[in-house]
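Below is one structure, written out as structure tokens; the observations come after it.
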Amino acid sequence: MSINIAVLGSQWGDEGKGKIVDLLTPHFSAVARYQGGHNAGHTVYVQGRKFVLHLVPSGILHPGVTCVIGNGVVIDPQALFGEIEQLERTGVKVDGRLLISEKAHLILPYHRELDVLSEARRGERKIGTTSRGIGPAYEDKIGRRGIRVCDLFGDRAALEEEVRENVSARNRIIRDSTLDWRPVVEDLLAHGERMRAWVGDVSVFLAGLMRDGRPVLFEGAQATLLDIDHGTYPFVTSSNASVGGVCTGLGVPPRAIGGVLGVAKAYTTRVGEGPLPTELHGEEADRLRESGQEYGASTGRPRRCGWYDAVVVRYSARINGLDALALTKLDVLDGLPEVRLCTGYRTPQGTLTEFPADLRALALAEPVYERLPGWSVPTRGITRLEELPAEARRYIERLEEASGVECAIVSTGSDRGETIVKPASTVAGWLGR
Ligand code: IMP
């Protein structure tokens with residue numbers, strides 16, 4: 001197989017992309033992250049051991065695979081080194097396997113402060129960010145005053161001037177604050193030295209691999225409904241988590257993307273503020289949260305939980321051109337007497353079947369549910385479609401019809417092995433099965 005594929009989130013994040021990327025990685029030469037930062041939390045279980053990755057691509061758990069951090073990613077050097085040290089401590093070799101784009105922008109300590117401050121200023125209208133400084137770092141990038149990885153190896157005087165300007169702007173925003181720019185520069189330079197051996201031209205590297213027919217997996221973080229352009233703005237992250245981000249965030253042409261796999265949970269979750277049309281409250285929500293262990297991998301925050309929303313996934317399928325879905329956490333629904341999926345939104349103006357741009361329209365929307373019988377036989381650990389209880393298969397079929405995309409992978413547990421790859425599906429074709 002020499003097709004490059006993108007794996008990305010189809011809902012509001014935390015769909016289990018880490019597990020799916022980890023599962024597919026043996027078929028690829030490189031795994032490349034194209035956006036986001038250490039706001040992401042990709043949890044991967046390997047033989048009962050839990051790994052949580054934030055910035056380093058999930059492919060790192062497979063020796064021999066190169067992991068790429070693209071120019072579209074924002075890097076907090078301290079978080080990066082912390083994660084690398086943690087991985088090395090658990091026996092995962094990172095050195096020599098990581099390539100960091102020289103064009104990636106850096107998250108500086110004052111970005112974190114500004115993130116927290118901006119949230120406090122918004123009060124009740126807060127976004128519920130991960131407080132990692134992601135938004136302010138992307139603001140500096142778009143404002144053309146960001147510090148890039150390559151700046152750490154260039155003209156020191158130019159770096160000093162840029163940091164001095166940025167720090168004095170920050171001192172004007174944060175009252176009674178007189179942060180000194182000098183230690184910021186010293187820290188940056190020290191981080192640069194540590195990073196130097198891993199820094200390079202990602203676009204050249206990926207083009208070389210592709211020319212040699214060695215496939216690349218493009219790994220998305222966050223998700224389509226958190227995309228700065230296509231998500232539930234302003235309750236979004238500050239990057240393009242949808243497929244467009246692959247080209248801009250790695251310097252690869254659109255034709256390099258041979259397939260797109262969307263990851264979706266068999267229900268819906270969201271962490272942070274903003275609309276979630278199928279949200280459940282009380283006991284039903286608690287049941288999903290506990291059974292699915294729905295707590296943020298980065299921040300530990302409890303996730304909001306609701307039924308599967310086919311309007312959302314249909315929207316993601318269109319925006320990203322999804323070829324197939326990887327449906328995760330089916331086993332979390334085990335034992336429910338009934339399962340529901342949302343096929344449209346009822347509003348005073350009629351039923352919406354397309355995801356609206358205006359959040360006020362969404363606030364007035366009532367989900368239209370289709371109710372299906374649940375299953376009492378556990379699906380946990382099942383690896384063949386035909387072994388699933390008939391009700392679970394029926395649920396998947398209806399979910400595929402309503403979402404307009406085939407479920408080529410069904411995950412029935414957190415471990416690599418607890419997975420169904422549908423025979424004769426798009427993904428089976430990609431993997432040459
Ligand atoms: P930020 O990316 O920290 O600015 O947060 C913006 C929004 O994206 C908030 O609602 C976060 O909870 C959400 N978010 C950011 N990263 C993730 C993630 O990896 N999973 C789920 N939600 C996320």
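Just so you know, ligand 1 is whichever comes first in the structure, and atom 1 is the first atom listed for that ligand.
The closest non-hydrogen atom to atom 14 (N) of ligand 1, taken over V236, L225, D14, L226, comes from L226.
Among protein heavy atoms, atom 11 (C) of ligand 1 sits closest to G128 O, 3.5 Å. The nearest heavy-atom contact from the protein to atom 3 (O) of ligand 1 is T130 OG1, 2.6 Å. At the top of the distance list for atom 2 (O) of ligand 1, counting protein heavy atoms only, stands T237 OG1, 2.6 Å. Protein heavy atom nearest atom 17 (C) of ligand 1, with residue, atom name and distance: Q222 CG, 3.6 Å.
A cation-pi contact, defined as under 6.0 Å to the ring centre and within 45° of the axis, links R194 to F81.
Some N or O of R301 is nearer than 3.5 Å to an N or O of ligand 1, by distance alone. At under 3.5 Å, a nitrogen or oxygen of V271, whether backbone or side chain, sits near a nitrogen or oxygen of ligand 1. For the pair S131 and ligand 1, the shortest N or O to N or O distance does not fall below 3.5 Å. Geometrically, ligand 1 and R132 share no nitrogen or oxygen pair separated by less than 3.5 Å.
Per-residue contacts place W12 under 4.0 angstrom from the following atoms of ligand 1 (heavy atoms of the residue considered): 21 (C), 22 (N).
Taking each heavy atom of T248 and N71 in turn, the nearest pair found is O-ND2, 2.8 Å.
Other residues, nucleotides and ligands place more than 12 heavy atoms under 6.0 Å from the NZ atom of K422.
At a heavy-atom cutoff of 4.0 Å, ligand 1 is contacted by both the backbone and the side chain of T129. By the criterion of a heavy-atom distance under 4.0 Å, neither the backbone nor the side chain of F235 is placed next to ligand 1.
Of the possible donor and acceptor atoms, none in the side chain of T237 sits under 3.5 Å from a partner among the backbone N and O of S239.
Rounding to the nearest 0.5 Å places OG of S131 at 5.5 Å from CG of D115.
Taking the six-membered ring where tryptophan is involved, the planes of Y395 and W375 are tilted, since the angle between them lies from 30° to 60°.
Side-chain polar atoms of Q222 and N39 form a donor-acceptor pair below 3.5 angstrom. When only modelled atom types and interatomic distance are considered, S58 and D22 share no side-chain donor-acceptor pair under 3.5 Å. Looking at R214 and T66, their side chains never bring a donor and an acceptor atom within 3.5 Å of each other.
In this structure, A40 is part of the shell of residues with a heavy atom less than 4.0 angstrom from ligand 1.
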